[in-house]
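Below is one structure, written out as structure tokens; comments come after it.
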Amino acid sequence: LAAAAEAQPDNPFILFRDETYSYADTEILSTQFAHGLSKWGVTRGSRVAAILDNSPQYVLTLFAVAKLGALNVPINTAARGQLLAYFLADCESTHVIVQEDYLDVLLECWEGHFKVPTLVLRTSGNAVNGGAHAALPSWQDLMADGHSRRECSPGNSPKAWDPWLILYTSGTTGPSKGSVCPNAQSLTIGRTQCMRMNIGPSDRMYTFLPLFHGNALNYSTITALWGRACIALETRFSASRFWSDVHRYKATQFNAMMIVTSVLEKLPVTPEERDNPVRIAVMVPPPANRRELETRWGLSIISQYAMSEAH
């Protein structure tokens with residue numbers, strides 16, 4: 001990130017609706033948040049669980065935690081009760097960053113009290129009146145704490161095989177297991193995907209998949225970083241908005257999984273769909289009528305098989 005920010009500081013890296021963060025913005029704001037996290041007690045080896053929807057703040061958090069040599073633990077926002085408690089205990093979380101929408105869910109799984117230091121990302125702009133929530137520090141508080149040192153490196157020098165991520169797998173018959181992922185794994189994924197799709201600075205990679213999943217995190221965000229491209233985020237898939245979002249972000253690439261391909265195929269053909277800017281899409285599993293869809297959408301379709309533990 002630092003190298004890319006120095007090489008192309010003004011190029012956009014994160015797009016989210018009406019917000020744009022350049023590479024320079026991302027570098028300096030993630031450093032600022034890293035210093036705030038450090039004051040909050042996050043250090044090398046800490047395990048920071050994140051219960052967040054897709055947003056620029058999520059991406060900044062991922063980089064900030066990594067800059068301290070701590071581990072990111074993205075948590076499925078649909079997790080409730082015992083499953084959520086299991087995730088947080090199994091990863092031995094030392095800190096939790098939670099979007100205010102999920103505060104009550106977190107409190108319920110922890111039986112009414114916060115078991116580790118907890119930080120709130122407030123999204124509504126409404127004041128918090130009393131209760132346990134009001135005493136919690138906010139994401140914005142830590143940004144303020146780190147402001148004076150935003151141009152100073154946090155000082156950690158991560159190695160290729162240092163872990164930076166614990167990803168909880170999907171598709172298992174029992175409780176998901178946490179896969180401990182080193183820096184080299186995510187960067188290798190980014191490098192490989194850029195080579196496969198010829199991703200470069202002119203590309204805009206669109207994802208509506210959640211950042212708690214390895215696809216959006218490694219196969220879109222880190223891939224965009226490796227290619228010095230741009231990541232365009234949405235919080236969830238919308239069939240009615242898909243092609244308009246593609247045009248809005250001028251997306252040149254997207255990933256689709258499972259039923260999404262079928263949903264897109266069943267949509268009526270529109271001028272927006274026919275005249276889209278996408279040149280390549282990754283679809284898992286590969287559609288049986290791939291050639292037909294490539295012709296219909298005017299793009300190339302590739303596929304792949306991947307696991308949280310591998311690339």
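Keep in mind the model is a prediction, meaning the values are calculated, not measured.
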Test: Glu265 and Arg296 ion pair at under 4.0 Å: no
For Ile199, does its backbone N or O pair with a side-chain atom of Gln253 as donor and acceptor, under 3.5 Å? no
Derivation of the side chain to side chain contact (heavy atoms under 4.5 Å, CB included) call for Val96 and Val116: CA-CA 7 Å; Val96 174; Val116 302; 3.7 Å; yes
Which residue pairs pass the ring-ring contact (aromatic ring centres under 6.0 Å, His included) test when at least one of the two sits in residues 250-290, sequence neighbours left out? Phe242-Phe254
Find out if a path of hydrophobic residues (ILVMFWY) with successive side-chain heavy-atom gaps under 4.5 Å connects Phe237 to Ile259. yes
Listed partners of Ser220 passing side-chain hydrogen bond (donor to acceptor under 3.5 Å, both in side chains), at least two apart: Asn255
Sub-4.5 Å side-chain heavy-atom contact between Val282 and Ser303: no
Is the shortest heavy-atom distance from the side chain of Arg290 to the side chain of Ile301 under 4.5 Å? yes
For Trp297 and Trp243, take the angle between the two ring planes, folded into 0 to 90°, and tell me which bin it lands in: parallel under 30, tilted 30 to 60, perpendicular over 60. tilted
Can you tell which of Arg204, Arg17, Glu234 makes a side chain to side chain donor-acceptor pair (under 3.5 Å) with Tyr249? Glu234
Exceeds 12 heavy-atom contacts within 6.0 angstrom, atom CZ of Arg191: no
Can you sort out the partners of Leu1 under side-chain contact (heavy atoms from CB on, under 4.5 Å), two or more places apart, ordered by chain and number? Tyr23, Thr26, Glu27, Ser30, Phe63, Lys67, Leu225
Going by heavy atoms in the side chains, are Leu60 and Trp139 under 4.5 Å from each other? yes
